[in-house]
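Some notes on the structure that comes next.
Because only heavy atoms are used, hydrogens play no part in the values below, and waters and symmetry mates are left out as well, while side chains stay in.
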Amino acid sequence: MSDGRNSADARGQNRNRNLLLLGSVSGVAYGLAVRLLVHFFPEFSPSVVMTVGFTCFLPFGLGFIAVFLAEIGKRQSLWTWVYLPWIPLAGTLLGVWLLFLEGLICIIMFIPLGMVLSALGGVAGGLAGRSIRTWRGRSASLACVMVLPFLVASWEKPVLWQENFRQVENTIDIHAPAEVIWRNIERVPAIRGDELPASWSHRIGFPDPVEATLSYEGVGGIRNATFAGGILFLETVDVWEPRQRLAFSIHAENVPSTVLDEHVRIGGPFFDVLRGEYRLEPLGNGMVRLHLSSRQRISTDFNWYAHLWTDAVMSDLQQRILLVIRHRCESTSGA
């Protein structure tokens, strides 16, 4: 009697594992199919990928599919509705990375949003699978969810697209004379690898700063700011107040697609860095507070999420530059 019960339990567990596997594989297949479909129309790819329809309803859809298919086969726990969608989400993101459809920086930025929305899709799929009993109703539900990314993306631009301008500022206190600090900001000699502190933004794919040259001192001078991977920014000085303030407009002269892909490229349709400024604030007792700020443009249908990442990346980059400047200034002045 006990052996028969154990055997039935084992069969039930195997059947449930197969249902979860079916849901997961189906979710991955859907996610990759949609991304590949967009890829085969390159003239539309950037604008479709950077939409609420794609970034929000694609993870929602794959989460819905995974849980829905498992639920209609066997009643699942509420916890399964939440965690199961993360499996096809991970599989889809791994697939697009291996196929070179997205860079690591885009994938990392997408993960938090994708996890929340795929889980919401899983809850919706669980509710639908548990409440809809007819084959026709289930088929209609699946079809509607699967086409949502394209339906929403086709009309959302006039409604959701925004162009916002953000400013990010970092400060650091330096024990060095203002003239020493000024010499280290008007030009930035080549930065050695061991001078740069560890950085999470670099780990996810944002390139390291290399150096900044200056054509001549004064308003109108051109700073060539280079980053790893051949990235070049032309910075035109429009404020020159020695030992007080240095500001410049920024133009992305060369940003190779092999370094930053089209969705996060500086100077591209979705993001740009427009201005930079250094400001020296004397604190007394040989201390100077150095301010570094930048102004960015964000142009997407979901600036509410995108700006969290652009602000964080720019702040991390600026703080690294300030740390290099402080080390150089204090070493030079003997502080």
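A donor and an acceptor atom, one from each side chain of D301 and T51, are nowhere located under 3.5 Å apart. Side-chain atoms of E169 and H291 include a donor-acceptor pair closer than 3.5 Å. Looking at R297 and S299, their side chains do bring a donor and an acceptor atom within 3.5 Å of each other. For the residue pair T213 / E211, no side-chain donor-acceptor distance below 3.5 Å is found, with atom types taken as modelled. Between the side chains of Q167 and S294, no donor-acceptor pair is found at a separation under 3.5 Å. Remark: the H263 side chain and the E102 side chain contain an N/O donor-acceptor pair separated by less than 3.5 Å.
No salt bridge links E277 with R295; every basic N to acidic carboxylate O contact stays at or beyond 4.0 Å.
Under the 4.5 Å side-chain heavy-atom criterion for Ile, Leu, Val, Met, Phe, Trp and Tyr, L142 and V147 are members of distinct hydrophobic clusters. The hydrophobic clustering, which links ILVMFWY residues whose side-chain heavy atoms are closer than 4.5 Å, places F64 and I72 together. No continuous path of hydrophobic side-chain contacts links I222 to L246 [ILVMFWY only; heavy atoms under 4.5 Å]. Following chains of ILVMFWY side-chain contacts shorter than 4.5 Å, one cannot reach F100 starting from V28, and the two form parts of different hydrophobic clusters.
Test P88, S26, S24 against L62 for side chain to side chain contact (heavy atoms under 4.5 Å, CB included) and you get one pass: P88.
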Walk me through it: do M50 and F302 pass the test side chain to side chain contact (heavy atoms under 4.5 Å, CB included)? CA-CA 8 Å; M50 295 294 286; F302 46 93; 3.8 Å; yes
Run F233 and F227 through ring-ring contact (aromatic ring centres under 6.0 Å, His included) and show every step you take. CA-CA 8 Å; F233 298 104; F227 284 68; 5.6 Å; yes
Salt bridge (Lys or Arg N to Asp or Glu O under 4.0 Å) between R130 and E71: does it pass, once the steps are laid out? CA-CA 7 Å; R130 190 167 293 185; E71 181 67 32; 3.1 Å; yes
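Enclosure of atom CZ in R243 is not indicated, since only 12 or fewer non-hydrogen atoms of other residues, nucleotides or ligands lie within 6.0 angstrom.
Residues N303 and T300 are in side-chain contact: their nearest non-hydrogen atoms beyond the backbone lie under 4.5 Å apart.
In terms of heavy atoms, I250 sits closest to F248 at CG1-CD1, 3.9 Å.
Annotation: cation-pi pair R265/F271 absent, no NZ/CZ under 6.0 Å from the ring centroid and within 45° of its normal.
I321 contributes atom CD1, which lies 14.5 Å from atom CZ of R326 (distance to the nearest 0.5 angstrom).
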